[in-house]
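So the structure is just underneath, and the comments pick up after that.
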Amino acid sequence: THTHTHPRHASTSPTMLSRSASRFARATRVAYTSHASRSQSTLVVLEHNNEAITTDSLKTVSAAKELGGDVTALVLGTGCSKAAVEAATIDGVSKVLTADNAAFKGFLPEAITPAILAAHEANKFTHILAPSSAFGKSVLPRTAAKLDVECISDITKVKDTQTFERLIYAGNAVQMA
């Protein structure tokens, strides 16, 4: 087993992480900023088909709840009001941010990333999560690059707000990140 402690425990800059949760089924991506003077807050970028939230997104919200603090859901899409209404009913979500715009058709990362950055800038979230589906894997690395932070993938467990477990070497070893 290979273990690694994340080198930015005392950092005040955001760090982008990703999580493939065996407990939560699919992967989730996480970003965090360590500010001791303020409470934890997490933005979950929900994946949906403009009608319904995906199961992976629901599992991502469960991971966000493990981090503690407020959980805000972000619903971006075209004609996504049904998904936004559903997001408001998810256990653990305290607030829903919605942007319904034709620019989000096809959920292209070039359109989605600026909206995530705007939500982060307005709310200063300590963590940002998304399912590690094709959607999350295309959006959050781009977001991490814009925030000038690292992206860590395949997290299977939340240890604390800055330490995560993930499988490496085709699942044959566990790494602390």
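When a residue number appears, it is its place in the shown sequence, counting from 1. Computed over heavy atoms, backbone and side chain alike; hydrogens, waters and symmetry mates excluded.
- Around NZ of K65, the count of heavy atoms belonging to other residues, nucleotides or ligands within 6.0 Å exceeds 12.
- Each of L76, L108, T113 was evaluated against V139; a single residue qualifies, T113, per the side-chain contact (heavy atoms from CB on, under 4.5 Å) test.
- Distance check, rounded to the nearest 0.5 Å: NE2 of H120 to OG1 of T72 gives 12.5 Å.
- Atom-to-atom distance recorded for L46:CG and L129:CG is 10.5 Å, nearest 0.5 angstrom.
- The two residues D70 and S94 come nearest to each other via the heavy atoms CB-OG, 3.7 Å.
- Here NZ of K146 is found 14.0 Å from CG of L140. Values are rounded to the nearest 0.5 Å.
- Side-chain contact check for L97 versus N123: some heavy-atom pair is nearer than 4.5 Å.
- A donor-acceptor distance shorter than 3.5 angstrom exists from the side chain of T126 to the backbone of S41, with no hydrogens or angles considered.
- Residues satisfying the side chain to side chain contact (heavy atoms under 4.5 Å, CB included) criterion with D100, sequence neighbours excluded, are C80.
- No side-chain heavy atom of E86 sits under 4.5 Å from any side-chain heavy atom of E51.
- Contact detail for K82 and N50: the closest heavy-atom pair is CB-O, 4.2 Å.
- When all heavy atoms are compared, the tightest approach of L74 to A119 is CD2-CB, 4.5 Å.
- Inspection of the S57 and E47 side chains reveals no N or O donor paired with an N or O acceptor under 3.5 Å.
- Considering CG of L58 and CD1 of I90, their distance stands at 5.0 Å, rounded to 0.5 Å.
- Side-chain contact between F125 and T42: absent, with no pair of heavy atoms (C-beta onward) separated by less than 4.5 Å.
- Here CG of L43 is found 10.0 Å from NZ of K95. Values are rounded to the nearest 0.5 Å.
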